[in-house]
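Read the structure below first, then the notes.
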Number of protein chains: 2
Amino acid sequence: MKRPTIADIARRAGVSKGAVSYALNGLPGVSAATRQRIIAIAQEIGFNPNSAARALSGAAANAVGLTLCRPARTLGIEPFFMELISGVEAELSARSYALTLQVVADPEAEIAVFRRWWGERRVDGVFVCDLRVDDRRIPVLERLQLPAMVIGGPGHTGTLANVWCDDGAALVEAVEYLVALGHHRIARVGGLPGLLHTEIRTRAFTDLCARLGLSRAVTVPSDYTGEEGGRATRRLLSSPERPTAILYDNDVMAIAGLAVAQEMGLSVPADLSIVAWDDSALCQLVHPALTALGRDIPAYGANAARRLLAVVAGDPVDDFQDQTAHLTPRGSTGPPPRDT
Amino acid sequence: MKRPTIADIARRAGVSKGAVSYALNGLPGVSAATRQRIIAIAQEIGFNPNSAARALSGAAANAVGLTLCRPARTLGIEPFFMELISGVEAELSARSYALTLQVVADPEAEIAVFRRWWGERRVDGVFVCDLRVDDRRIPVLERLQLPAMVIGGPGHTGTLANVWCDDGAALVEAVEYLVALGHHRIARVGGLPGLLHTEIRTRAFTDLCARLGLSRAVTVPSDYTGEEGGRATRRLLSSPERPTAILYDNDVMAIAGLAVAQEMGLSVPADLSIVAWDDSALCQLVHPALTALGRDIPAYGANAARRLLAVVAGDPVDDFQDQTAHLTPRGSTGPPPRDT
DNA sequence: CTGAAAGCGCTTACAG
DNA sequence: CTGAAAGCGCTTACAG
């Protein structure tokens with residue numbers, strides 16, 4: 001029992017294959033009656049167009065690609081990507097586009113995957129995640145003329161379109177909130193250096209603290225893992241004039257930081273205030289629940305997907321600024337201890 | 001500048017397109033010298049076979065599909081799937097197979113996706129996750145003759161091959177450990193009812209507790225989310241004879257349970273012991289770190305992928321039992337309070 | 001409005 | 001060992 005093709009439909013309907021193609025794709029060239037008859041037959045025999053044949057005839061592959069360059073353990077624990085992916089998916093499946101996923105070991109491997117996908121005509125476009133300050137993927141994608149959507153920015157995207165959000169502004173909101181609570185000794189546990197959004201946040205933090213006269217403000221670079229986040233926290237809390245508030249670049253590190261504080265006998269928020277970036281459900285899983293900078297990540301992904309499809313279609317697409325993350329105060333923040 | 005095809009290579013090498021195909025695919029029919037020359041040219045001009053053309057010529061699509069049927073927020077926070085996916089990926093990319101992912105709303109939508117993928121010849125096979133007791137996907141896949149690998153079991157997979165692990169045995173290890181510590185009042189916060197592995201664990205728990213004479217043992221059904229897991233914990237800890245130990249069906253619920261205990265002023269493990277299922281990095285992120293039942297999930301995924309490709313290739317594949325999860329004791333378990 | 005035909009870029013029998 | 005050719009299942013000008 002072979003899979004039905006347009007030839008089968010054409011035979012049944014007594015028309016040519018071309019007519020079937022026109023009818024099924026909603027193109028002019030067939031009468032309304034014929035079209036209806038053809039569609040009915042297609043449904044009856046459970047017809048699905050062979051995607052390979054379609055792609056080969058110059059049409060699109062109807063698939064876009066997403067590469068993830070993080071080690072397995074980190075990926076699993078980082079809610080950001082899965083939330084992003086489900087948003088991307090929602091948009092793609094509404095348009096019958098498939099998502100091809102590949103987990104890679106390093107950015108060079110990512111480039112190789114892009115080349116292969118495009119060479120094989122396996123995808124019509126790709127997403128670029130984890131944008132770096134000097135990102136080697138950008139010029140390669142430009143040269144390949146592979147339609148792409150950068151998730152990150154602003155800037156550093158060459159001629160590629162992107163979606164981004166203002167992390168600097170979000171950081172300011174968080175730090176000003178801590179200052180309003182009375183904190184002077186504020187530290188930050190940063191994400192992986194080299195990633196653009198990490199650098200943007202670091203610069204915003206440094207600038208703001210200088211402006212506010214918070215001379216002890218310091219960023220400890222980390223790598224988004226709980227392990228490193230915990231270690232950075234231990235170091236900060238062991239220093240002679242320990243911070244009274246710590247801002248973390250993701251929620252995983254913030255939770256690890258909370259555990260370290262508890263382990264060291266510090267009470268949160270009485271002795272230490274904690275603010276997380278990325279307000280995933282994790283933040284409300286712990287006690288006290290974490291004050292966090294959050295925004296709608298699935299919506300961000302959906303936006304990126306919609307715009308990538310526009311780029312694929314050849315429509316003009318300009319850079320898009322998504323909503324800025326906003327602060328949700330919860331139990332992990334409060335005034336600093338009296339004697340500070 | 002068009003993408004190079006085998007015709008370009010054939011022209012350059014002064015051979016037929018057929019010869020190029022044979023040479024590149026390592027098939028007999030060309031001399032070693034010709035083969036080498038052709039391969040060199042292919043590399044030089046950056047040739048990648050068009051995957052659509054290949055698929056259309058009867059070869060495989062070189063892609064397999066994975067559907068995920070969980071809401072966005074749950075997916076993001078549940079490390080299991082990303083770990084599974086990265087294991088699957090590792091195996092697939094080593095064989096140049098792509099992974100096509102789709103997030104769906106419900107099992108019926110999953111079936112529709114399977115039908116479409118197979119009809120479109122977009123995938124050569126699919127994974128089946130979150131196996132249910134009476135899983136409607138199984139008979140559909142059998143009827144479609146779509147190569148599939150069930151991740152779950154044992155049993156309930158019809159004629160489809162599967163990979164599974166003995167959750168009953170793992171549960172016994174965890175409960176016996178708690179009993180050895182002196183616990184009598186042991187409760188369990190279970191995962192989503194209807195999922196096969198949830199049911200297997202529930203039955204194992206009920207049977208074992210009956211055998212051990214733990215008359216107060218109870219399973220509170222939940223849904224794997226932190227929210228529900230916390231709620232179930234609150235209910236258990238508010239009962240007149242509250243449990244001294246709780247076993248959770250995943251780590252997310254266990255962490256939520258830990259937070260509820262802290263919020264209620266109970267000390268872990270002095271007042272309450274906690275055991276998590278799924279030993280993701282989350283378990284070592286909190287304080288105290290969670291005693292957990294863990295196993296190598298990426299390896300599980302890699303195994304499933306290897307075997308799915310075997311099914312696709314038409315090789316005989318029988319059911320495979322993966323390693324049983326083992327218990328890693330950490331700070332969240334200890335003897336029960338004296339007066340119990 | 002419809003039919004017949006070429007072509008997408010491969011793979012694979014079939015001759016030489 | 002190699003070449004010429006058919007065919008996979010669509011799409012899309014091109015005639016009628």
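Only this structure's heavy atoms are used, side chains among them; waters, hydrogens and symmetry mates stay out.
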**Report entry** Salt-bridge contact Arg307(B)-Asp318(B) (side-chain N to carboxylate O under 4.0 Å)
**Finding:** yes

**Report entry** Whole-Å gap separating C1' (dG9(C)) and CG (Leu56(A))
**Finding:** 5 Å

Requested in this report: Extract the stems that DNA chain D is part of, considering only consecutive pairing runs of at least three Watson-Crick or G-U wobble pairs, both distances under 3.5 Å.
Outcome: C:1-3 with D:14-16, C:5-12 with D:5-12, C:14-16 with D:1-3

Query raised in the report: Taking C-beta and beyond as the side chain, do Arg95(A) and Leu309(A) meet within less than 4.5 Å on heavy atoms?
Result: yes

Query raised in the report: Going by an N to O cut-off under 4.0 Å, is there a salt bridge joining Arg12(A) and Glu44(A)?
Result: yes

Requested in this report: Provide, to the nearest angstrom, the distance between the CD1 atom belonging to Ile6(B) and the P atom belonging to dG7(D).
Outcome: 17 Å

Query raised in the report: Looking only at heavy atoms, which two atoms of Thr100(A) and Ala63(A) are closest? And how far apart?
Result: OG1-CB, 4.2 Å

Query raised in the report: Is Arg115(A) positioned over the aromatic face of Trp117(A), cation under 6.0 angstrom from the ring centre and no more than 45 degrees off axis?
Result: no

Query raised in the report: Would you say the side chain of Asp135(B) lies within less than 4.5 Å of the side chain of Ile138(B), judging by non-hydrogen atoms?
Result: yes

Query - Positions of residues 115-122 of chain A (non-hydrogen atom under 4.0 Å from DNA chain C), listed by number - result: none

Report task. Return the set of residues passing side chain to side chain donor-acceptor pair (under 3.5 Å) with Glu110(A) (not counting sequence neighbours), or none when no residue passes. Result -> Thr67(A), Arg137(A)

Report task. Return the value, rounded to whole Å, for the distance between atom CZ of Arg54(A) and atom C1' of dC8(D). Result -> 16 Å

Query raised in the report: For residues 8-23 of chain A, which residues have at least one heavy atom under 4.0 Å from DNA chain D?
Result: Lys17(A), Gly18(A), Ser21(A), Tyr22(A)

Query raised in the report: For Arg136(A), which residues count as a side chain to side chain donor-acceptor pair (under 3.5 Å) partner, sequence neighbours excluded?
Result: Glu108(A)

Requested in this report: Decide if atom CD of Gln323(A) counts as having more than 12 heavy atoms of other residues, nucleotides or ligands within a radius under 6.0 Å.
Outcome: yes

Report task. Could you tell me whether the side chain of Leu66(A) reaches within less than 4.5 Å of the side chain of Leu99(A), counting heavy atoms only? Result -> yes

Report summary line: Whole-Å distance, Arg3(B) CZ to dG9(C) P, equals 9 Å

Report task. Kindly check if the number of other-residue, nucleotide or ligand heavy atoms within 6.0 Å of CG (Asp315(B)) is above 12? Result -> yes

Query raised in the report: Would Arg295(A) count as a cation-pi partner of Tyr300(A), with NZ or CZ less than 6.0 Å from the six-membered ring centre and within 45° of the ring normal?
Result: yes

Report task. Please list, by residue number, the residues of residues 28-53 of chain A whose heavy atoms come closer than 4.0 Å to an atom of DNA chain C; answer none if no residue qualifies. Result -> Gly29(A), Val30(A), Ser31(A), Thr34(A)

Query raised in the report: Is Val311(B) close to Met149(B) at the side-chain level, that is, under 4.5 Å between some pair of heavy atoms?
Result: yes

